[in-house]
Number of protein chains: 4
Amino acid sequence: MAKSKEDVVQEFRVQSIQEAAIRVIARKGMASATMQEIAEEAGVAKGTIYLYFRDRDELVEKTFETAIGELHKRIDAALESDGPFAQRLRAVITAKLAFFNENREFFRLYHTLRMPEGSATQQRRQKRTCQPQYRARVDRLAAHLKSAMDAGEVRPLDPKRLALCLIETSTAIVLERLSEDAPPPESDDVELIVSTLLSGIAAK
Amino acid sequence: MAKSKEDVVQEFRVQSIQEAAIRVIARKGMASATMQEIAEEAGVAKGTIYLYFRDRDELVEKTFETAIGELHKRIDAALESDGPFAQRLRAVITAKLAFFNENREFFRLYHTLRMPEGSATQQRRQKRTCQPQYRARVDRLAAHLKSAMDAGEVRPLDPKRLALCLIETSTAIVLERLSEDAPPPESDDVELIVSTLLSGIAAK
Amino acid sequence: MAKSKEDVVQEFRVQSIQEAAIRVIARKGMASATMQEIAEEAGVAKGTIYLYFRDRDELVEKTFETAIGELHKRIDAALESDGPFAQRLRAVITAKLAFFNENREFFRLYHTLRMPEGSATQQRRQKRTCQPQYRARVDRLAAHLKSAMDAGEVRPLDPKRLALCLIETSTAIVLERLSEDAPPPESDDVELIVSTLLSGIAAK
Amino acid sequence: MAKSKEDVVQEFRVQSIQEAAIRVIARKGMASATMQEIAEEAGVAKGTIYLYFRDRDELVEKTFETAIGELHKRIDAALESDGPFAQRLRAVITAKLAFFNENREFFRLYHTLRMPEGSATQQRRQKRTCQPQYRARVDRLAAHLKSAMDAGEVRPLDPKRLALCLIETSTAIVLERLSEDAPPPESDDVELIVSTLLSGIAAK
DNA sequence: CATGAATGAGAATTCATTCAT
DNA sequence: AATGAATGAATTCTCATTCAT
């Protein structure tokens, strides 16, 4: 039951186009990324994109989902590993930094889609995909925080807001690292985040 | 040296247009906010906008700067007040939450501009304004953190990264509050952020 | 309460564009008449058309209605004049031939719209405008035929089908005249149609 | 001299495609009937159509000719039968109504092509085929009318214009019947047309 | 100064046609 | 012969910007 040659080609095209989309969006920004340029970047004709994606919105949406899926897979693996909370937290942050280091160009797409933009249609789509995606991530992380609180590993605080802080703190560091010519070793930043979060910044 | 009548009218126009821009961008998103709609919202003709702003980009840029300036003024006041670091930190967070509560519509503009978008020209402009603005904020906060470290109020960590974490954590909470129908009292969220930052989340 | 200058200009533009549309459709056919070419023909920019008409469909629809309205006005006047039925019939046919002689270019638009074409949207529009227009004409003529029957001027036959025959017979002659380099005098064709309809073609 | 298997297949393909074209055009209208949909309807691949027809225009043209040929065969048979003119006329009208009743879907193609549409190329093609086809029909019918006049069966009138009236009258009735849910018996409409044409509509 | 009609560059999308398999 | 993925010309529509009034 191996994949037929057609399936392989199909998959390859879809992937090429999505990668091109990410690169172009990274370069030009969501609003200025044209189908023409994405097509050129992918090395196909404009019309070809429409063989694989209904329209621009679907291309962006599917591209986002594909890329974010990979990130989520990695984070979930880290989150659900065994060990004390501190260790799992460290693994999650490490995974996130590593992912965006490997997929630097994806970050702009990721960031742009955090805020609903554009036409009513697009906003509906946004609500359907990116927002829920994000909420789901927050909720999942919040659940783990709750467990850690119940286990006495984390002091009792609003888990959902804590999750937000955690996510955005690491995102901020990712964004910073991406803009740096020579960022410090990943592990330094991981340590900073984990340590700050766990122990706070106040001198003892 | 009173303002001439012309200056007053000029100032009024500029302000009307900028406020209209913020409202329309909040409503439609950066990409779908048209000059036409901004003009209507401001109660002037499309052409009039061009008497006060070179082009759309400059309108957005100046609007951003005006609005963000107010925020920065408030934050700086909090930051430079007397008292222990913890108290100043609390004041800063409080100021930020209050500002965005009063200027909810500005938030989308603020968020959108965090990531450079659009044409090469726009990107250059972005780099000239928003990015440096942001860097400057980070640096200023970092300087205060450094002082607090030197004063033994904060344990020694990279001040710049700490500043980033602080800024983004509070931004995340703002974003969350804006999307909530009935957000908790501001003071609760301020307390959460300050407490987490200072003492960390680990159970003792 | 004279028309303001703006109204005059507006009316002039609308009329120019509609006339251009009719000419281009006459030249290229409905399907090949592009907005670009209509704009050029009207001596305005593409975008200008969209200031006066929502989209291509509305342009065609409104253009059709404007032009057909004039024809209908003339036919109704003829139909509702006094005198014996034969005389009114003659007047109607005369009006129709004269109208299409004066508005030769409109004929292709008229003919094309007799049959629903194109997208689902367009078909709905068609049903809303052209079809009912046509049915209404048929019904009105049928009513007059019925009166003539009741008055003993016309022998009893299905008035609606008779109306159809009458309309299409004259349309056929119009179409023929338009394709002729030197058509016979209008009165000859009017006479032929009226005489055939009233007395038939059979030798006595 | 039996047909080779290849010829049979070829013929079958051509026929399938033409029938599909007629159905799709009937459904979507000439302008919205795509090669893709015709191919699907015919159960072949898009490319296959191009093995049998040079391009879309030729497909439409040949399809029209094939279908109209059948109608013409039937009409000619009726026209050239023996018997008095009135009887032959009745037979012609009957044949036409029956044909379009059996080939309802063909009617839209027939009607659309009555007026030249599309590109210059297509218009030339149109002039080469549909127009001459139509003229030929008119001329042939006119010749028969002339004979009938010479034989004293029909009173002297312009035979060509009479032919036009006859053709369009019956076409109008066909169009009407196709749009009716429950049209009257064919014979009723035939009788109406024949009677009107022969004897006129005036009360004696 | 203010206006808003006019402009036209530019973007998304469609679809007839080609051609490698 | 048949296929259908790929192509890109062509089309519609939008909107920032200009400029005559």
Side-chain angles (χ1 to χ4, degrees), chain A residues 5-6 9-10 12-13 31-40 42-59 119, chain B residues 6 9-10 13 31-40 43-60 118-119 122, chain C residues 5-6 9-10 12-13 31-40 42-59 119, chain D residues 6 9-10 13 31-40 42-60 118-119:
Chain A
K5 189 154 48 146
E6 288 80 42
V9 170
Q10 167 111 3
F12 172 75
R13 276 274 185 256
S32 302
T34 68
M35 295 302 271
Q36 178 63 59
E37 191 169 354
I38 293 171
E40 275 161 20
V44 299
K46 231 178 332 157
T48 304
I49 298 181
Y50 290 88
L51 295 177
Y52 298 96
F53 303 93
R54 187 190 316 291
D55 54 21
R56 191 184 186 281
D57 283 350
E58 190 182 288
L59 168 60
S119 64
Chain B
E6 287 78 39
V9 170
Q10 168 112 2
R13 280 268 191 258
S32 301
T34 67
M35 295 301 272
Q36 179 62 57
E37 192 167 355
I38 293 170
E40 275 162 22
V44 300
K46 235 182 323 173
T48 305
I49 299 180
Y50 289 86
L51 297 174
Y52 298 97
F53 303 93
R54 185 192 317 293
D55 56 20
R56 190 185 190 277
D57 286 347
E58 190 184 287
L59 167 60
V60 169
S119 63
Q122 207 177 334
Chain C
K5 189 154 49 148
E6 288 80 42
V9 170
Q10 168 111 2
F12 172 74
R13 276 273 185 259
S32 301
T34 69
M35 295 303 270
Q36 181 62 59
E37 191 169 356
I38 292 171
E40 275 161 21
V44 300
K46 225 179 339 155
T48 304
I49 299 181
Y50 290 88
L51 296 177
Y52 298 96
F53 303 92
R54 187 190 314 292
D55 55 19
R56 191 184 188 281
D57 283 351
E58 190 183 288
L59 169 60
S119 64
Chain D
E6 287 78 40
V9 170
Q10 167 112 1
R13 279 271 190 257
S32 301
T34 67
M35 294 301 272
Q36 179 62 57
E37 193 168 354
I38 293 170
E40 276 163 20
V44 300
K46 235 182 323 175
T48 305
I49 298 182
Y50 290 85
L51 296 175
Y52 298 97
F53 303 92
R54 184 191 317 291
D55 56 21
R56 191 184 189 277
D57 286 348
E58 189 184 288
L59 168 59
V60 169
S119 63

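Residue numbers start from 1 in every chain, and the chains themselves are labelled A, B, ... in the order their sequence lines are given, proteins ahead of strands.
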Between P of E:dA12 and CD of A:Glu58, the distance in whole Å: 15 Å

Ranking E:dA12, E:dT13, F:dA16 by distance to the side chain of B:Met35, first place goes to F:dA16

Let me know the distance between CD1 of B:Ile38 and P of F:dT17, rounded to the nearest Å. 11 Å

Whole-Å distance between E:dC1 P and B:Gln10 CD? 7 Å

Upstream residue (5' side of DNA chain F) when C:Gln36 and B:Thr34 are each assigned their closest nucleotide: C:Gln36

Spacing between C:Glu40 atom CD and E:dG8 atom C1', to the nearest angstrom: 12 Å

If pairing means Watson-Crick or G-U wobble with both distances under 3.5 Å, then the partner of E:dT13 is F:dA10

Heavy atoms under 4.0 Å is the rule here; annotate nucleotides 3-8 of chain F 5' to 3' with B where the base is hit, S where only the sugar-phosphate is, and - elsewhere. BBBBBB

Nearest whole angstrom, please: distance from the C1' of F:dT11 to the CD of C:Glu37. 13 Å

Distance, rounded to the nearest Å, where A:Tyr50 contributes OH and E:dA11 contributes C1': 8 Å

In whole Å, I'd like the distance from the CZ atom of C:Arg56 to the P atom of F:dC13. 8 Å

Determine which nucleotide pairs with F:dT18, using a 3.5 Å limit on both distances of a Watson-Crick or G-U wobble pair. E:dA5

For C:Phe53 versus C:Glu58, what's the shortest heavy-atom pair and its separation? CA-OE2, 3.6 Å

Decide yes or no for A:Leu59 and A:Met35: does some side-chain heavy atom of the first lie under 4.5 Å from some side-chain heavy atom of the second? yes

Send over the distance from B:Leu59 CG to F:dT17 C1', rounded to a whole Å. 13 Å

Using 0.5 Å steps for rounding, measure from the OG1 atom of B:Thr48 to the NZ atom of B:Lys46. 11.0 Å

Nearest non-hydrogen partners of B:Ala31 and A:Ala31, listed with the distance: CB-CB, 4.5 Å

